[in-house]
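This is a predicted model, so every value here is computed, not measured.
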Amino acid sequence: MPIRLTILLLLLNLGKPFAQSGLIPEPVSYRQTSGDLRLNQLTGIVSGAGVSNQFIGLAQAQIRASTGLTLPTKKTKSTLFLSIDSITSKQPEGYALQITPQGIRLTGHDEAGLFYGLQSLTQLFSQATSGIVPACEVTDYPRFSYRGMHLDVSRHQFPIPFIKKYIDLLALYKFNTFHWHLTDDQGWRIEIKRYPALQQKAAYRSETLIGHKKELPHRFDGKRYGGYYTQAEVKDIIQYATQRHITIIPEIEMPGHALAALSAYPELGCLKPNGQPGGPYQAATFWGIFDDVFCAGNDSTFTFLEGVLDEVVALFPSKYIHIGGDECPKTRWKTCTRCQARIQREHLKNEEELQRYFVRRMDMYLIKKGRHIIGWDEILEGTEHASSPSLRMSPEAIVMSWRGIQGGIEAIRQKHNAIMTPESHVYFDYYQSLYPEEPLAAAGYTPLSKVYAYEPIPAELRPDEAVYLKGVQGTAWSEYMDSPEKAEYMVFPRAMAVAEIAWSPRDNRNYADFLRRLRQQETLLKQRNVNYANRFDELTDTVSVNAAGGVDLKLSTTLPDATVRYTIDGTTPTLTSAVYSKPLSIAQTSTVKAAVFRDSKQQGRVFQKAFTISKATGKPVTFTPEPMGGYRPASPLVAVNGVAGTSRYNTGEWIGFQGKDAEVIIDLQATQTVSSIGTHILNYHWQRMWAPQMLQMAVSEDGKTFREVYQQTQFPVNGINPVRATFSPVQARYVRIRATNKGVIPANEYGAGGKAWLLLDEFRVD
């Protein structure tokens with residue numbers, strides 16, 4: 001189609017040139033029409049059949065909060081008319097909105113749709129200029145039926161006013177599910193009247209870790225921490241959420257993540273190898289996975305958990321109850337005589353089938369109560385090939401896929417419903433910026449752009465399979481979210497990207513337009529005192545090795561009409577610094593600093609990156625074996641791009657090998673004098689990262705016969721260990737680095753029995 005015709009049709013469809021929605025999530029259809037509505041002329045609310053007085057009151061309160069207008073329930077010249085009509089708005093949870101100079105008509109398919117239309121109206125009101133809202137027509141309905149956000153209150157408990165604020169924000173962006181993670185190793189946060197020790201003991205821990213768990217020695221604040229939500233408070237929160245069309249799904253962790261519960265009821269733990277009771281137990285004071293779990297061989301365990309679920313089911317009207325099921329070590333089960341007896345009695349193959357027995361037993365119990373389970377993707381393990389059909393989950397069970405997307409795909413192919421919440425894209429305890437000023441987070445790097453780019457329906461699913469994917473969820477673990485303000489900073493605006501993924505048609509999504517609308521939302525976020533991360537337009541970078549073996553630095557900002565200025569001498573950029581217009585060629589060791597400017601003002605923080613250029617920079621590199629997992633670089637040349645890894649190990653510069661030795665060979669492409677070889681070793685045992693047992697460096701002129709020039713066996717730093725091998729000058733073309741992996745993590749160390757990670761970064765040769 002000719003470009004001019006395309007533009008003409010676009011203008012005709014929009015009604016006004018370049019009219020665009022300011023809504024998040026982006027609606028199915030938005031069309032700006034003629035004229036404007038002046039908010040001060042809106043003087044009443046009128047409702048049709050089926051609209052409850054409770055909803056009208058909620059609408060009045062929300063409009064008053066966003067505009068200051070008090071709209072009485074009476075027909076006036078300029079009216080907000082609310083109605084429910086499943087013919088006008090055909091899809092569940094959908095709505096149709098018309099704003100004209102004479103008033104507003106909002107029609108929902110159901111009350112949920114009416115409510116979501118009200119949220120769109122609230123957003124449009126917040127963007128009004130001088131009290132004027134452009135006339136428009138909106139047709140809208142959700143893509144997925146499950147649109148969820150999670151919040152962990154076990155590691156850090158959040159006050160009730162914040163929980164309600166969180167629910168309000170979820171409702172504003174059309175989420176319909178709040179996944180409330182109430183129990184874990186670090187604390188039990190819900191009152192269970194049948195088991196008072198949960199409130200008296202399990203709800204509290206003796207102290208809390210300070211800093212990141214990778215830091216050694218571990219430091220603690222020495223302050224008792226804890227609390228719980230009473231059943232009356234839970235009911236109040238549920239009612240609050242229900243009025244906002246949000247279902248709360250509670251999570252009661254089992255069979256793992258049980259230390260807090262065991263501290264109150266130690267008899268529910270496994271027997272020791274000598275047959276004595278397990279323990280003593282206490283609620284965990286730091287973060288991780290712990291071997292002490294509920295005993296699967298003890299009938300009292302199931303009596304306890306059924307008693308807990310009885311009260312949970314009585315409180316929560318949700319069809320589904322989340323039972324966790326993740327990260328359950330089998331260490332205690334393997335030596336517990338009761339668990340082993342259960343395996344024999346139930347004709348189970350092993351401890352993995354014992355977990356399936358555990359999950360299935362709770363699944364069947366909830367079915368008797370008229371409910372169904374949701375569990376993390378571990379609940380699916382082995383069910384397809386279980387030794388007995390009785391170990392398979394009920395068809396109604398839902399799998400929440402967090403360890404990537406494969407668990408969701410497997411569930412769907414077994415005809416289970418699935419919800420996607422992959423750690424790689426929608427876990428908000430991960431860093432959202434690589435700037436060193438970012439507050440402490442768990443690990444990783446999940447910028448807003450990565451969240452928005454996530455597509456929940458895997459490409460390999462057929463259309464008839466994709467119907468089992470019910471939706472998507474963002475997940476907020478609170479180990480490093482110790483206040484409401486920190487939680488808001490980590491969750492928003494990334495949750496808004498999830499909202500759009502979950503609601504908007506796939507073809508309507510466009511990241512640049514999402515950012516435009518996000519900037520329009522900032523007034524509303526500030527009005528609601530949300531401590532959101534407003535860093536999304538800051539500079540990001542790409543470092544690459546070009547065809548000539550040189551290093552290029554590309555800088556990018558998403559801020560419109562911005563100028564990027566930079567320096568290469570380590571000074572802070574100003575309005576007179578050089579203007580960035582194309583990738584910078586880095587020819588010598590230097591530190592680049594850059595900043596974004598608009599309207600003669602610096603926008604955001606100063607970017608900086610240090611480069612160390614050596615004889616190895618840009619030269620061919622080979623690895624044996626190939627690097628693994630999240631530590632497999634985008635290109636082998638990352639190892640010689642002049643950039644070192646950081647202590648946060650989330651920039652893509654660290655190169656990792658799990659359980660295997662590593663060999664690296666660098667081809668300098670010409671024989672030359674060499675007297676120094678450098679790299680770094682990352683040593684964080686609490687992240688399963690271990691220094692090599694031996695690091696050897698050798699050189700060669702022909703690539704066949706190597707001469708060892710350096711050896712190191714001690715790496716004492718908990719963190720980054722610099723390696724700088726110096727030796728008498730030799731002639732060499734090839735450099736070989738060999739590192740012997742620790743192999744299996746030793747007993748009594750974090751992750752014992754698992755494979756150790758070996759991590760190295762930038763290689764320098766001089």
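- Salt bridge status for Asp766 with Arg724: present, with a side-chain N to carboxylate O gap under 4.0 Å.
- The two atoms that bring Leu555 and Leu539 nearest to each other are CB-CD2, 4.2 Å, heavy atoms only.
- In this structure, Gln432 and Pro447 have side chains that are not in contact, with every pair of non-hydrogen atoms separated by 4.5 Å or more.
- Between the CE atom in Met697 and the CD1 atom in Ile677 there is a gap of 5.5 Å [rounded to 0.5 Å].
- At a threshold of 4.0 Å, the pair Glu626-Arg632 counts as salt-bridged, since one of the basic side-chain nitrogens sits closer than that to a carboxylate oxygen.
- The closest side-chain donor-acceptor pair between Asp377 and Gln406, if any, does not fall under 3.5 angstrom.
- Counting heavy atoms from C-beta on, the side chains of Val545 and Ser635 never come closer than 4.5 Å.
- Within the 3.5 Å criterion, the main-chain N or O of Thr446 finds a donor-acceptor partner in the side chain of Arg494.
- Judged by distance alone, with hydrogens and angles left aside, the side-chain atoms of Tyr431 form a donor-acceptor pair with the main-chain N or O of Ala441 at under 3.5 Å.
- Atoms CG and CG, from Leu584 and Leu553 in turn, are 5.5 Å apart once rounded to the nearest 0.5 Å.
- Counting only heavy atoms from C-beta outward, the side chains of Glu253 and Asp326 approach each other to under 4.5 Å.
- Classification of Glu438 and Arg605 as a salt-bridged pair holds, one side-chain N sitting under 4.0 Å from a carboxylate O.
- Asp291 and Pro329 get closest at one heavy-atom pair: OD1-CB, 3.5 Å.
- With hydrogens and angles disregarded, a donor-acceptor distance shorter than 3.5 Å links the side chain of Asn721 to the backbone of Gly719.
- A donor and an acceptor atom, one from each side chain of Thr651 and Arg648, are nowhere located under 3.5 Å apart.
- Side-chain atoms of Glu423 and Tyr430 include a donor-acceptor pair closer than 3.5 Å.
- Listed by chain and number, the residues in a side-chain hydrogen bond (donor to acceptor under 3.5 Å, both in side chains) with Tyr710 are Gln712 (sequence neighbours excluded).
- Contact check for Lys450 versus Tyr445: no side-chain heavy atoms found under the 4.5 Å cut-off.
- Across all their heavy atoms, Phe428 and Gly474 have their closest contact at CE1-CA, 4.1 Å.
- A side-chain donor-acceptor contact under 3.5 Å links Thr421 to the backbone of Gln473.
- Contact check on Glu749 versus Lys742 returns no salt bridge, with no Lys/Arg side-chain nitrogen under 4.0 Å from an Asp/Glu carboxylate oxygen.
- Going from atom OH of Tyr489 over to atom CE of Met481 covers 12.0 Å, rounded to the nearest 0.5 Å.
- A donor-acceptor contact shorter than 3.5 Å links the side chain of Asp661 to the backbone of Asn741.
- Side-chain contact between Leu151 and Ser478 is absent, with no heavy atoms from C-beta onward closer than 4.5 Å.
- In the model, His257 has a side-chain atom that pairs as donor or acceptor with a side-chain atom of Asp184 under 3.5 Å.
- Using a distance-only test at 3.5 Å, with no hydrogens or angles considered, a donor-acceptor pair links the side chain of Ser154 to the main chain of Gly187.
- Of the possible donor and acceptor atoms, none in the side chain of Asp552 sits under 3.5 Å from a partner among the backbone N and O of Ser544.
- Atom OG1 of Thr542 and atom CG of Asn641 lie 11.5 Å apart (nearest 0.5 Å).
- Residues Ile405 and Tyr454 form a side-chain contact, since some pair of their non-hydrogen atoms from C-beta on lies under 4.5 Å apart.
- With hydrogens and angles ignored, the 3.5 Å screen pairs no side-chain donor or acceptor of Ser449 with any backbone N or O of Tyr452.
- If you check the side chains of Thr557 and Asp537, you find no donor sitting under 3.5 Å from an acceptor.
- Between Tyr580 and Tyr566, the ring planes are perpendicular. Angles over 60° get that label, and only those under 30° would be called parallel.
- Atom CD of Glu437 sits in a crowded spot, with more than 12 heavy atoms from other residues, nucleotides or ligands closer than 6.0 Å.
- Contact annotation: the side chain of Val426 never approaches that of Met420 to less than 4.5 Å [non-hydrogen atoms, C-beta and beyond].
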Note to self: Test side-chain contact (heavy atoms from CB on, under 4.5 Å) on Glu381 and Gln355; report intermediate values, then the result.
What the structure shows: CA-CA 9 Å; Glu381 289 180 348; Gln355 174 158 337; 5.6 Å; no

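- Put simply, OH on Tyr631 and CG on Asp761 are 13.0 Å apart, with the number rounded to the nearest 0.5 Å.
- At a cut-off of 3.5 Å, with distance as the only test, no side-chain donor of Trp686 or Glu215 sits close to an acceptor on the other residue.
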Next item on the list: Could you please spell out the steps behind the side-chain contact (heavy atoms from CB on, under 4.5 Å) verdict for Val735 and Lys615?
Entry: CA-CA 11 Å; Val735 173; Lys615 293 179 179 180; over 6 Å; no

Next item on the list: Could you walk me through whether Trp287 and Gln186 pass side-chain contact (heavy atoms from CB on, under 4.5 Å), step by step?
Entry: CA-CA 8 Å; Trp287 329 124; Gln186 292 78 14; 3.6 Å; yes

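- Tyr750 is linked by a side-chain hydrogen bond (donor to acceptor under 3.5 Å, both in side chains) to Lys213, counting only residues two or more places apart in sequence or in another chain.
- For Lys609, the NZ atom is densely surrounded, since the number of other residues' heavy atoms within 6.0 Å is greater than 12.
- The aromatic rings of Phe657 and Phe623 are tilted relative to each other, their planes meeting at an angle between 30° and 60°.
- Contact detail for Ala610 and Thr591: the closest heavy-atom pair is CB-OG1, 3.8 Å.
- Closest approach of Thr646 to Asn650, counting heavy atoms only: OG1-OD1, 4.2 Å.
- Under 3.5 Å, the side chains of Thr673 and Gln731 contain a donor-acceptor pair of N or O atoms.
- The side-chain heavy atoms of Trp757 and Met628, taken from C-beta on, include a pair separated by under 4.5 Å.
- Between His680 and Glu762, the side chains place no donor N or O within less than 3.5 Å of an acceptor N or O (distance only, hydrogens not considered).
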Next item on the list: Take Arg535 and Tyr435 through the side-chain contact (heavy atoms from CB on, under 4.5 Å) test and state the conclusion after the steps.
Entry: CA-CA 10 Å; Arg535 311 292 193 183; Tyr435 282 61; over 6 Å; no

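- Using a 30° and 60° split on the angle between ring planes, His181 and His150 fall in the tilted class, from 30° to 60°.
- Once rounded to the nearest 0.5 Å, the distance linking CD of Gln696 with CD1 of Ile737 reads 11.5 Å.
- Side-chain N or O atoms of Glu488 include none that pairs as donor or acceptor with a backbone N or O of Met490 at under 3.5 Å.
- Ring planes of Trp690 and His685: parallel class, angle under 30° (limits at 30 and 60°).
- Summarising the local packing, CD1 of Ile568 is surrounded by 12 or fewer heavy atoms from other residues, nucleotides or ligands at distances under 6.0 Å.
- Between Asp292 and Arg332, at least one side-chain nitrogen of the basic residue sits less than 4.0 Å from a carboxylate oxygen of the acidic one, meeting the salt-bridge criterion.
- The aromatic rings of His218 and Phe220 stand perpendicular to each other, their planes meeting at an angle above 60°, with 30° marking the opposite boundary.
- Side chain of Asp185 to backbone of Ala258: a donor-acceptor contact under 3.5 angstrom is found.
- Heavy atoms only, all atoms of each residue included: His179 and Glu251 are closest at NE2-OE1, 2.7 Å.
- Applying the salt bridge (Lys or Arg N to Asp or Glu O under 4.0 Å) test to pairs two or more places apart or on separate chains, none has a residue in residues 682-704.
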